[in-house]
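Scope of the values below: all heavy atoms of this structure, side chains included, with no hydrogens, waters or symmetry mates. Proteins get letters first, then strands, A, B, ... in listed order; numbering begins at 1 in each.
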Amino acid sequence: MAEVTLHGVSKAYGGTQVIHDVSLEVAQGEFVVFVGPSGCGKSTLLRMIAGLEEVTGGDVLIGGQRVNDTAARDRGVAMVFQNYALYPHMSVRDNMAFGLRNMGTARADIDRRIAKAAGILQLEPYLDRKPRAMSGGQRQRVAIGRAIVREPEVFLFDEPLSNLDAALRVQMRTEIAKLHHALGATMIYVTHDQTEAMTMADRIVVLRAGRIEQVGAPLELYERPANLFVAGFLGSPKMNFLRGRVAVAQGSDIGIDLAGGVRLPARVRPGSVRQGDEVTLGLRPENLGVAPDGELRGHVDVVEQLGSVQLVYATVPDGTTVVAELRDRRAPAVGSEVPLVIGPGIRHVFDADGAAVTLPEGDLP
Amino acid sequence: MNATRSGWALWGDRLLLAITVLVAILWFLPVLWVVTMSLKPNSELMRSTWGFIPYPFTLQNYADLVRLATVPRWLTNSLIVAVGMTILVLVVSSLAGYAFARLQFPFKRTIFVLMIAGLMIPEQAVFLPLHQMFADWGIHNTHAALMLPRVAVPIGVFLMMQFFRAVPRELEEAAELDHASRFTIFWKIMLPLSVPALTTLGLFTFIHAWNDFLWPLVSATNANMYTVTVGLASIQGNFAQTQGLGSIMASAVFASLPIVLLFLIFQRFIVAGVAMSAGK
Amino acid sequence: MTAAARPATRSPRGRSRSRGWLTALLFLAPFLAVYLVLLVYPLFLGIWISFRDWDLMAGDYGPVGLLNYQDLWTDPVFWRSTRNTLYFALLTVPSMTIIAMLLALAVQGPGRIRAICRSVFFLSSVFSVTVVTLVWQMVLAPDRGLIAPIVQFLGFTPVNYLGSTTWAMPAIVVTTLWWGVGLPMALFLAALGSIPKELYEAAELDHASRWSVFWRITLPSIRHTVILVIVLQIVAQFQIFGQPFLMTQGGPANSTRSLVQYIYETSFRDWLVGYGAAMAMVLFGMMLVFSMLQLWLGRQGDDR
Ligand SMILES: Nc1ncnc2c1ncn2[C@@H]1O[C@H](COP(=O)(O)OP(=O)(O)O)[C@@H](O)[C@H]1O
Ligand SMILES: [Mg+2]
């Protein structure tokens, strides 16, 4: 087990910089998820930790040891790839044994470790199969097994579930989480899927264009996004954004004028915005409802019935589409005008630069 | 209207197929004829060579062939040369192909371009100086002399490089994390994966080696070192003597047997190989 | 801290990189060795020899400048051989390309019968030149061949094709076609196989005729292969040697003597290796032009 530390790590391919000065501490035994849109540099960052990609600036430390110049094989990390990267010509058993044999592990020890990993991953019946004779989920389990038997200090996952279908993805998600609890190893997991990040992570690292946008526990990021990007990236359906202008500002209490002559109160850090400033108001769909006394008028475009909830997509006076997540079953008719009511939850406020200025204690009850 | 059209099309297809089959039969007829002649007694062939049924039937021609032992000797030479050349080409090409596909080294581009330029050097441009060099080294009339000039085949390197490039990089990265050295990765991961490519390259090399004519003609001057291709050419001169016709046909059939068998077993690799080299 | 650490950290990376080069060198060494010793060096040795008076048995008599090349200019047999080689290529390349394409069109597609036909047409190309020429010498023989009875049946007098200045070359061409059609056919088959099925289905819906499907869809889709086959054939047929050497020995009256055969005879019968080498260089030059053409056309294809 070991902690992983990044000190001002950057990466350039030729002249183009794809990772900018990333610093991060991953504690021993922690499950950290790198999340961000595709192309933001998640894989590159992970591969630099693994040693598969050269670091062009800053330092990578594993277990307190600087490993910039250490070969991948000597870093004590194991990696699970998106396309599994199983050796197609070897049986499941040989796939798992390959690394141990290369390290000169004793035969009995190899067998013991494989048996243990196969037990954890329920792979016993398939040990003598070739990867091609297995389903995607089983293959990914073999890939994880190959990592487990090495008993590495750090597990690295690069979008391991992206090639699986939705149902299997949910199942594997919980299995990997269980595995983390069972092994207690440090794990760094890369995904572009915010649901995976929210459900699995101890801490989430949100990346955009090679920079860290925010680091924190899932709920922390969900409730206190540092900026518009994080606010929009985490949560499904996405947070609603409404453009407005600060009409009154007194201490932390402000009033925001929205299109259609609606003024909404909100709470911000004192002095962070002034009267007349352009701001963006962010409202989670679950914080939006339909009620007779609603301030905001919306034109219903689509209603999606999800069973437990229903999603109402409505156009508000300034032309933006907002989503409301309703728990009651009386759906408004498509095409009708409905009054939208804003619940007691957090009213996120972002200044003209997109940075959150919401009061930390906010409107929490 | 649509139905009649497809009806016509169907009959068109059948007609085309029938013509194709007819052409294929005509195409095959010379082979059949030669096999037939090889199974007839020479006395019968003196009278008439016509006919595609070996009657009267005899295996005498083949028996003579084996007894005389020159043709089997040539056949052995051909096998040694073809197998040796194939192995050498596979080793040399896969090693270099891997280096070009996945390793970093200085002047890689330059070396690659120089190698590709080698594709344009035909054997006729080098067979005279090679003959001179081998004479100086005193290695003519050996198996090595027959194999070596065909080992440096840029096309083999090129094919293997193309194949290795198509192997997902993650596979090698996984192996790297699995403590595999470069050579282990090559030997235990890349080579087993490239069996289809190796088979194809091996087949083409083998056929090429087996049918090579100009080089063995100038290098092997001792009749004991003839390959079967050159050996047959040396007895074709006596072909006017009709009494030997059956034997000559038998030696031609005998000499072609290994390569035809190889072709029949590995056909699909040949087709795949053509597709692979054309799809570059 | 960093100032002191930098030089120390740089060296291990540098070392690992040079170890990488060493590995690459080990992988490349066998190829580079045979390539340099058995291809590159002989090429330059050949150029060098072509400027010398070199006897196969007695060895080097010293430099003669351009004399070998000047002699070529006035050597009627050289010109005749060059003309024969060009004539042979001119007859063979277009017919080979067309026949290979027709056969590929005929045998492409599913079914056992077509698969067997494919094998038959390819099979003849695994035979060695010796066997092929033996077979065709028999087939073409005027007294006991396979062609003679047919010609007779049609009411003509059978000719000794290989002994006729008019017919010897076409006979060699036919032999070559029978022998060599397999590879270009396979190339066409590969190309035909990679044409998207949707194109044909769309044409079917448009009620296109077989003829227009061929001209509008098939041919444009495989045009790169057509060029590839033509260039490969030109390069291959320039090297013709075995067929005339074994079937006609270059006769009758030099009408089928090819350039390679003349190089061979000059060097190994007349022992004039220097003169032979000069001829080999001329042949190499001619083939180089066509190889360049192939590279250039290949690049055009990539740009598309
Ligand atoms: N080998 C490379 N050469 C040049 N650019 C690269 C290379 N690998 C990745 N990149 C670039 O780096 C950025 C980050 O890539 P990556 O880490 O794969 O993104 P992610 O995994 O987040 O989708 C992308 O813009 C990509 O184009
Ligand atoms: Mg990625």
Are A:Arg141 and A:Glu175 ion-paired here, with the side-chain N under 4.0 Å from a carboxylate O?
-> yes
Any side-chain donor near an acceptor of the partner, A:Ser43 and A:Asp158, under 3.5 Å = yes
Give the member of A:Gly99, A:Ala78, A:Ala143 that has the highest number of heavy-atom pairs under 4.5 Å with chain B.
-> A:Gly99
So does A:Arg173 pair up with A:Glu196, basic N to acidic O under 4.0 Å?
-> no
Portion of A:Leu100 that has a non-hydrogen atom of chain B nearer than 4.5 angstrom = neither
Determine yes or no for a side-chain-to-main-chain donor-acceptor pair under 3.5 angstrom, with A:Arg139 supplying the side chain and A:Pro131 the backbone.
-> yes
Chain B contact via A:Arg47 - which portion, at a heavy-atom distance below 4.5 Å | side chain
Looking at B:Glu123 and B:Arg150, does any basic side-chain N land under 4.0 Å from a carboxylate oxygen?
-> yes
How about B:Trp215 and B:Phe134: are their ring centres within less than 6.0 Å of each other?
-> yes
Answer with side chain, backbone, both or neither: which region of A:Val77 has an atom nearer than 4.5 Å to a non-hydrogen atom of chain B?
-> both
Is A:Asp165 paired with A:Arg169 through a side-chain N to carboxylate O contact shorter than 4.0 Å?
-> no
Heavy-atom contact with chain B under 4.5 Å, split by part of A:Tyr87 | both
So, does B:Lys108 use its side chain to make a donor-acceptor pair with the main chain of B:Phe100 at under 3.5 Å?
-> yes
Specify which of A:Gly51, A:Pro88, A:Ala147 makes the most heavy-atom pairs with chain B at under 4.5 Å.
-> A:Pro88
Taking only heavy atoms into account, what residues of residues 176-185 of chain B are found under 4.5 Å from chain A?
-> B:Glu176, B:Leu177, B:Asp178, B:His179, B:Ala180, B:Ser181, B:Thr184
Donor-acceptor contact below 3.5 Å, side chain A:Glu30 vs main chain A:Val32 | no
